[in-house]
Amino acid sequence: MSARILLVFAILAIIVVIVFVGRNLYLRSLRLRRRLQMSDIFTNITHELLTPLTVISASVDKLREEAPQHGHDYDLMQLNIQRMVRLLQQILETSKSEAGQLKLVVAQGDVMRYIRETAECLEPLLVRKRQQFSISCYPESMMGWIDTDKLDKIIYNLLSNAAKYSKENGVVLLKVQTNNTFDHIHIEVSDTGDGIPPEKMRHLFQRFHDGEYRKHQTIGTGLGLNLTHDLVFLHHGTIHCQSEVGKGTTFTVELPINKEAFKIDEIDETRTIDFNIPKNAIIDVQALIPDVNEDEDPQEQPDEDIYRLLIVEDNVELLMLMRQLLKSSYHVYAAKNGLEALDIIHQKDLDLIISDVMMPEMDGYELTKAVKGDPNYNHLPIILLTAKTQEEDEQEALLLGADEYLTKPFRLSDLKLRIDNIIENRKRIQKEYHQETTDEAHRIVTAPKSPDEEFLSRAIGCVHAHLDDDTYDRETLAADMGASASTIYNKLRSITGLNVSSFIRDVRLKEARRLAQADPTFRVSDLAYKVGFRDPRYFSTCFKKQFGMQPKEYMETLVK
């Protein structure tokens, strides 16, 4: 009996195991099928994106022929088309690698010459960050067998990584040499960047590995090194990385170049490496784009009626494009990171700041925090531009004090609309201030709507506290406000359109009008002394200039 029970339990256990294993296998195959379906969809979409980019590129070339005077703009368009094409091609290659569809086709040619010319095409990537770049090939020329398409991507990814994670004025070296038997090449790409922490090294070649993009204030797909690893392996080579935190990183690639290292179906003997085919060279950004503020005359004072903007953006092309398009309406300063921006903020009288979020040295969030945390400059409105689209990112920006948050890609008309809205709001405050009586101005104190109005309320309160003191001036107001005299001047001018002396006089005159309305029998001299004017005659002159009639005439109209 017990044997039968054991047998039944054993059969039931086997059935449970079969069902469990079968279910897991089914779910795994289902996930694999879905992943392959998504991979196919992704690949198809990527192919479809390449088609309109080709059309756009051809259209740019056509425009270049028809209107060659806009050559600078066409170059910028082609530069960004080229970037998108490279990114999409990398996505396609990764998808093919995952599906096992990458094919190696080697041809014979001068390997050293090809590597040097390919690397020289990528030099502007490093020039953008003022990095020293040198190429060393030993020997200078050597025949061998390589897949130029795969080698191009390997060199591009390694050099672009070195440029991305190295600091300005760093050093990037490319060394290529052969072994003693001349059947392998040794490619070494080294930089003097921050290095890779040991805990990151073990996952370095994994797909979607986080390459500390946030720390370096840059962006990445997490595909480059994974694809590079796959391409090196496809080329029957090896890749290794050595890195020391704080000193730099070196990638070493070993590739066979002798014909015997490859299978028959991997060799194309019908062709050789053609050096006459134009390579996909990176456009020299430095040649296209001048210094961001090179046309700025340090002696020139901007028109007081023109609003002054500061654009902060590390993408030099976008920075110059925004500057070019906005300078017709505003006086525009430019900076490439938060630290440069702070220098300009401290030196120039500004009305508004437009800043990217992800930047080197100091990002947009840190810049916003620095500006809004400084009582000398917290009146400056800030518009943040970012590729981050999550709701929590926008909340973080607004909590830090940003006045507007605009996601990329954006239309320039949308940016200009936000700028104009902020300017119109400031004009509204100025208009309301000039139209208000003293009592009405005090309403701002009870319910301030913005940092500008809160600042204005405090300033009005300080003047009222010393209304009968004829010595109360710019310096004493600044001391009461806990700010420098220049800061008080800049803030009051930007909010009310008045300098400090004019603002104090304006508050005194509005209070004089209020007192006259309350008691039209006031003597003009008593009224002048009560609101801080030492000379009744000067008081009458100022009163007439502001309200259109002498104080005595005004009070006579009140008793009629």
Side-chain angles (χ1 to χ4, degrees), residues 43 46-47 50 85-123 135-162 174-189 205 207 223-241 251-282:
T43 301
T46 305
H47 272 295
L50 286 169
V85 168
R86 271 197 176 273
L87 179 59
L88 291 171
Q89 287 176 340
Q90 185 160 280
I91 293 171
L92 278 174
E93 291 285 287
T94 302
S95 180
K96 287 180 182 179
S97 175
E98 186 177 36
Q101 296 175 352
L102 276 180
K103 302 297 181 185
L104 184 73
V105 181
V106 298
Q108 190 179 35
D110 191 332
V111 175
M112 294 299 186
R113 178 184 170 188
Y114 179 82
I115 292 175
R116 176 179 288 279
E117 291 189 6
T118 300
E120 287 173 349
C121 288
L122 304 174
E123 187 171 3
I135 305 170
S136 171
C137 294
Y138 183 79
E140 288 289 329
S141 176
M142 189 178 71
M143 298 297 289
W145 294 79
I146 55 172
D147 185 325
T148 54
D149 176 64
K150 306 301 183 291
L151 188 55
D152 173 84
K153 292 179 174 64
I154 292 169
I155 293 173
Y156 175 84
N157 281 325
L158 293 179
L159 286 179
S160 63
N161 255 31
L174 171 64
K175 295 180 181 179
V176 189
Q177 59 186 30
T178 184
N179 61 347
N180 294 332
T181 54
F182 304 101
D183 57 0
H184 279 71
I185 54 170
H186 176 98
I187 303 172
E188 191 176 283
V189 176
F205 297 109
R207 189 166 301 165
L223 299 176
L225 284 179
N226 172 261
L227 177 60
T228 300
H229 178 273
D230 291 351
L231 293 176
V232 170
F233 183 78
L234 182 71
H235 214 291
H236 308 301
T238 60
I239 181 170
H240 301 285
C241 177
F251 283 92
T252 303
V253 174
E254 293 274 357
L255 295 177
I257 58 170
N258 58 322
K259 185 177 179 182
E260 294 73 26
F262 305 101
K263 301 174 184 176
I264 295 176
D265 59 351
E266 295 175 338
I267 301 171
D268 185 355
E269 297 193 64
T270 62
R271 70 179 181 90
T272 58
I273 299 173
D274 188 352
F275 289 94
N276 294 318
I277 298 175
K279 290 187 174 62
N280 192 14
I282 302 296

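Here the structure is a predicted model, which means the values were calculated and not measured.
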Kindly give the heavy-atom pair with the smallest separation between P256 and H236, and that separation in Å.
-> CD-O, 3.3 Å
Just do the side-chain hydrogen bond (donor to acceptor under 3.5 Å, both in side chains) check on D183 and N179 with the steps written out, would you?
-> CA-CA 7 Å; D183 57 0; N179 61 347; 2.6 Å; yes
Counting N and O atoms only, with roles assigned by atom type, does the side chain of D152 sit under 3.5 Å from a partner on the main chain of T148, one being a donor and the other an acceptor?
-> no
Reference residue L151; test side-chain contact (heavy atoms from CB on, under 4.5 Å); the match among V232, I187, I273, T118 | I187
E269 and W145: side-chain contact (heavy atoms from CB on, under 4.5 Å), yes or no, with the steps?
-> CA-CA 10 Å; E269 297 193 64; W145 294 79; 4.1 Å; yes
Non-hydrogen side-chain atoms of V253 and L158 separated by less than 4.5 Å | yes
Using atom types as modelled and distance alone, determine if a side-chain donor or acceptor of K150 lies under 3.5 Å from a backbone N or O of K103.
-> yes
CD1 on I264 to NZ on K259, rounded to 0.5 Å = 9.5 Å
Closest heavy-atom pair and its distance - I155, I115 = CD1-CG2, 3.8 Å
OH (Y156) and OG1 (T228) are apart, to the nearest 0.5 Å, by 11.0 Å
Any donor-acceptor N or O pair under 3.5 Å, side chains H184, E254 | no
Are any non-hydrogen side-chain atoms of N157 and L225 less than 4.5 angstrom apart?
-> no
Please report the C-alpha distance between M142 and I185 in whole Å, then the side-chain angles of each, then the deciding distance to 0.1 Å, and finally whether the side-chain contact (heavy atoms from CB on, under 4.5 Å) criterion is met.
-> CA-CA 10 Å; M142 189 178 71; I185 54 170; 3.8 Å; yes
Do the non-hydrogen side-chain atoms of L159 and V189 ever get within less than 4.5 Å of each other?
-> yes
Any donor-acceptor pair under 3.5 Å from D110 side chain to Y114 backbone = no
Identify the heavy atoms of V105 and D147 that sit nearest to each other, and give their distance.
-> N-OD2, 2.9 Å
Evaluate the ring planes of H235 and F262, with Trp represented by its six-membered ring, and classify them as parallel (under 30°), tilted (30 to 60°) or perpendicular (over 60°).
-> perpendicular
Steps toward side-chain contact (heavy atoms from CB on, under 4.5 Å) verdict (I146, L255) = CA-CA 9 Å; I146 55 172; L255 295 177; 5.7 Å; no
Walk me through it: do H186 and E188 pass the test side-chain contact (heavy atoms from CB on, under 4.5 Å)?
-> CA-CA 7 Å; H186 176 98; E188 191 176 283; 3.5 Å; yes
Might you point out which heavy atoms bring P139 and M112 nearest each other, and give the distance in Å?
-> O-CG, 3.2 Å
Closest non-hydrogen contact found for I135 with A119 is CD1-CB, 3.6 Å
Spatial distance of atom NZ (K153) from atom CG (D230) [nearest 0.5 Å] = 13.0 Å
Thinking salt bridges, do R116 and E140 make one under a 4.0 Å N-O criterion?
-> yes
